[in-house]
Amino acid sequence: MFKHLKNPLLFWRRNPLLFWRRTPLTRYTVLNRNIIIIMLLITIIPLTCMLIINNFQYKTHLRNQIMAPLYAMTEKTRHSFEIFMDQRLAIMRFISATYSVEKLGNEQVIQKILTSLKKERYGFVDIGLINAKGDLVSYVGPYSLLGKNYSEQISFQETRIKGQYISNVFLGYRKYPHIVIAVQVIRDDGEIWVLRATIDTDFFDNLISSMGLERRSDAFLVNSDGILQTNSLYCGNTLEKCPLKLPSKSFKSQGIETKDANNQDIIIVSSGFSIADYILVIVQPQSVALKSWYALKTEMLIIFLISLTIIVFAIVQMTAVLIKRIKTSDEHRESVLLELQHAQKLSSIGRLAAGVAHEINNPLAIINEKAGLMLDLIDLSKDFTQKSKFGELTRSIVTSVDRCRKITHRLLGFSKRIDVKIEPIQVNTIIHEVIGFLEKDILYRRLEVNLKLSETLEPILSDHGQIQQVLLNLLTNAFAAVQDELGQVDVETKNIENNGIEIKITDNGCGIPDKIIKNIFDPFFTTKKEKGTGLGLSISYGIITKLGGEIVVDSTQGKGSVFTIVLPEKTNIMES
Amino acid sequence: MKNQKIKILLIDDEEEFISTLAERLELREYLCKTAGDGQSGIQMVEKEPFDIAIVDLMMPGLNGLDTLRQIKEINPDLPVILLTGHGSTKDGMEGMRIGAFDFLIKPLDIYALIDKIKLALAAKAPQVKS
């Protein structure tokens with residue numbers, strides 16, 4: 001209960017009403033905030049950097065791992081396409097080399113060839129021979145194309161120049177998507193004719209569907225102009241323009257990441273054919289391709305967030321503890337400083353007061369003697385005009401000098417704190433003595449004084465006269481604070497820990513306003529104007545401190561004040 | 001009156017104070033002589049007899065306690081009342097230890113001084129009679 005009295009200044013600080021020298025709360029708030037920010041930055045920046053680097057590295061690594069099978073699949077499928085086309089081209093070259101133009105012009109012969117081809121190799125739809133003018137002179141197949149002129153078609157022109165040709169998918173006269181494989185047939189007279197076969201593109205779709213693509217993935221063929229050569233899941237049907245921006249044609253597999261028409265992230269892997277103007281394209285949404293990456297990324301993010309939460313919690317808690325310690329240490333330091341300042345203040349004011357009092361005392365003594373002499377002379381003189389008036393004025397001077405004398409003597413007493421005489425004392429006895437001095441005041445003003453003195457109060461080693469003076473000061477103040485007839489002053493004593501004693505003087509007077517409570521122990525601070533010197537509490541504080549005790553005040557304006565004095569069992573005097 | 005015979009030596013550096021005090025005491029039938037410093041006071045004690053000496057403690061040159069010591073060397077029976085402007089009992093107590101009869105604090109109450117003078121003389125009286 002009395003632990004708080006160990007340090008009166010700390011006690012004042014704990015009590016909001018008495019909190020003088022308030023430490024700015026914002027200072028600790030700012031410090032708290034700054035430490036948290038700095039610690040968060042120190043911990044979170046490396047963590048975030050690590051996360052970003054890991055993210056990047058894992059992504060690159062996983063991407064490579066994910067892309068590699070895609071590349072392989074693209075290569076493999078392209079290769080299958082090329083083998084398919086190359087085989088058909090080889091067969092055509094073989095026929096053109098084996099059969100003469102005349103024989104190929106014979107419908108029965110090419111009918112036989114077509115029958116063999118269909119039997120041996122899948123995809124052949126028809127076969128025909130075009131003369132040097134571009135006219136289809138021989139044809140077997142499901143359509144009636146005989147006599148049609150192909151001189152304007154690229155396949156005819158390209159074949160005559162390059163010797164062989166594989167077309168893109170086109171509709172042609174048949175109005176059905178197909179491709180044409182054509183080779184030169186050179187007549188004996190050197191005229192260049194063209195042997196031309198149509199291949200069913202159904203095979204393309206079969207080959208693509210046999211790739212074993214993941215769901216939501218798309219694969220198709222385009223030409224270098226971006227025209228779809230097969231049906232696509234997302235990009236349209238054969239011979240439509242592919243809406244995706246594809247990488248430029250390359251014979252090696254290459255991949256890009258881009259967005260589709262729906263703004264979805266996709267991976268495009270493409271590989272160009274060397275044998276014809278085809279590009280095999282595989283389109284895979286990133287959500288599918290990088291499924292494992294996203295799972296890892298989510299895990300990493302969860303771990304990061306958990307770590308972040310733990311870090312933030314730890315930092316906030318640690319900072320709170322740190323700030324609390326700093327605050328406690330600051331308060332302790334400040335209270336020590338305050339006590340030191342207070343002691344220094346009292347000491348310097350004491351020296352000043354002693355000097356002033358001594359210097360004033362001599363002229364005061366002269367005034368006193370002169371005024372005394374005047375009084376003597378007036379008394380000895382016969383009656384003269386206004387003798388009584390002169391007498392009255394001179395006595396007034398003597399009275400004022402006496403008042404000054406009391407002040408200077410108290411000042412001198414304050415500066416020296418008077419000589420201390422340590423002896424065993426019974427504080428209850430001193431209280432009775434002091435109440436005895438004030439008895440007339442108590443009776444005259446009809447005040448209620450309650451003595452709650454401990455019957456088992458231990459005697460202490462201290463200074464009788466000084467404690468008497470302190471009690472007299474405090475009780476005089478208490479009586480001054482209370483109203484006539486209603487005033488109540490309680491004096492309580494009790495034994496406390498370490499064999500010390502506590503004296504508590506409680507009044508129901510006017511109380512001390514918050515704004516002046518910090519000054520009440522300062523010398524010359526008074527609210528009583530002419531009635532007080534402002535030294536009573538200052539002297540009391542000095543005495544109690546010198547006797548090794550503590551004096552604290554707790555006051556509520558309008559309700560009253562409580563002065564608590566704690567005195568040790570034994571006083572160890574330290575001369576100041 | 002007995003007072004007419006009582007001869008007081010006042011030693012204080014405050015001329016205004018000492019002359020006025022002397023005058024007031026003389027009005028009360030005492031015979032007063034004044035000295036402005038300790039040294040001249042001692043010389044006066046050497047030259048003529050006094051019934052009592054009143055000495056200020058704070059004086060330039062020879063201070064009150066030293067003056068007291070020298071007076072006591074010359075005339076151990078001469079009662080000395082010390083005056084102090086300090087309000088301190090310490091120097092006064094020291095003076096009493098050396099041999100002063102009592103001490104008073106400035107500004108003085110003339111009646112308190114006269115009481116002390118009377119007490120000092122009463123204390124001294126048996127020796128005078130013997």
Side-chain angles (χ1 to χ4, degrees), chain A residues 350-382 394-395 397-421 463 465-466 469 533 535 539 573 575-576, chain B residues 1 3 8 10-32 34 36-37 54-60 63-64 81-97 103-117:
Chain A
R351 278 198 294 277
L352 179 73
V356 170
H358 185 248
E359 287 307 314
I360 286 173
N361 248 2
N362 279 327
L364 213 53
I366 295 168
I367 295 169
N368 188 49
E369 293 315 318
K370 298 279 183 198
L373 181 57
M374 280 166 75
L375 269 180
D376 291 347
L377 293 174
I378 290 166
D379 288 345
L380 291 171
S381 302
K382 290 175 186 170
T394 318
R395 263 186 287 279
I397 293 173
V398 174
T399 313
S400 299
V401 167
D402 191 49
R403 227 171 95 190
C404 290
R405 188 170 66 97
K406 281 177 186 160
I407 294 170
T408 55
H409 285 181
R410 292 189 83 174
L411 273 178
L412 288 162
F414 165 72
S415 72
K416 288 189 301 308
R417 310 251 174 90
I418 319 170
D419 305 323
V420 176
K421 189 180 169 193
D463 184 288
Q466 306 239 17
Q469 187 181 344
T533 56
L535 289 170
I539 290 171
I573 293 299
E575 286 295 336
S576 57
Chain B
M1 292 256 307
N3 285 353
I8 304 173
L10 300 170
I11 308 174
D12 196 334
D13 61 315
E14 285 284 351
E15 173 58 28
E16 285 283 326
F17 171 74
I18 205 170
S19 59
T20 317
L21 182 62
E23 204 173 330
R24 292 188 75 190
L25 288 170
E26 278 168 359
L27 282 173
R28 287 166 177 77
E29 309 293 317
Y30 291 95
L31 185 60
C32 292
T34 61
D37 58 70
I54 295 168
V55 181
D56 186 32
L57 276 169
M58 277 282 282
M59 285 188 292
N63 69 32
I81 294 173
L82 295 170
L83 300 181
T84 169
H86 268 293
S88 158
T89 55
K90 197 179 161 194
D91 286 350
M93 296 296 279
E94 174 66 13
M96 285 176 77
R97 204 179 57 76
F103 64 92
L104 286 168
I105 296 165
K106 281 182 178 180
L108 288 174
D109 176 358
I110 190 86
Y111 301 104
L113 178 63
I114 289 168
D115 284 348
K116 292 280 181 209
I117 291 170

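Residue numbering restarts at 1 for every chain, and letters A, B, ... go by the order of the sequence lines.
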Checklist entry - Looking at CG of Leu25(B) and CG of Leu373(A), how far apart are the two atoms once the value is rounded to the nearest 0.5 Å? => result 10.5 Å
Checklist entry - Rounded to the nearest 0.5 Å, how far apart are CZ of Arg24(B) and CG of Asn368(A)? => result 6.5 Å
Checklist entry - How far does CG of Leu108(B) sit from CG of Leu364(A), to the nearest 0.5 angstrom? => result 11.0 Å
Next on the checklist: Looking at every non-hydrogen atom in both residues, tell me the closest pair between Ala365(A) and Pro107(B) and how far apart they are.
Outcome noted: CA-CB, 3.7 Å
Item to check | Option in Ile18(B), Asp12(B), Leu27(B), Thr20(B) with maximal non-hydrogen atom pairs under 4.5 Å from chain A | outcome: Thr20(B)
Next on the checklist: Please classify the contact between Ile367(A) and chain B as side chain, backbone, both or neither, with a heavy-atom cut-off of under 4.5 Å.
Outcome noted: neither
Next on the checklist: Would you compute the distance between atom NZ of Lys370(A) and atom CD of Glu23(B) and round it to the nearest 0.5 angstrom?
Outcome noted: 7.5 Å
Checklist outcome for this item: Rounded to the nearest 0.5 angstrom, the CG-CD distance for Asn362(A) and Glu14(B) is 4.5 Å
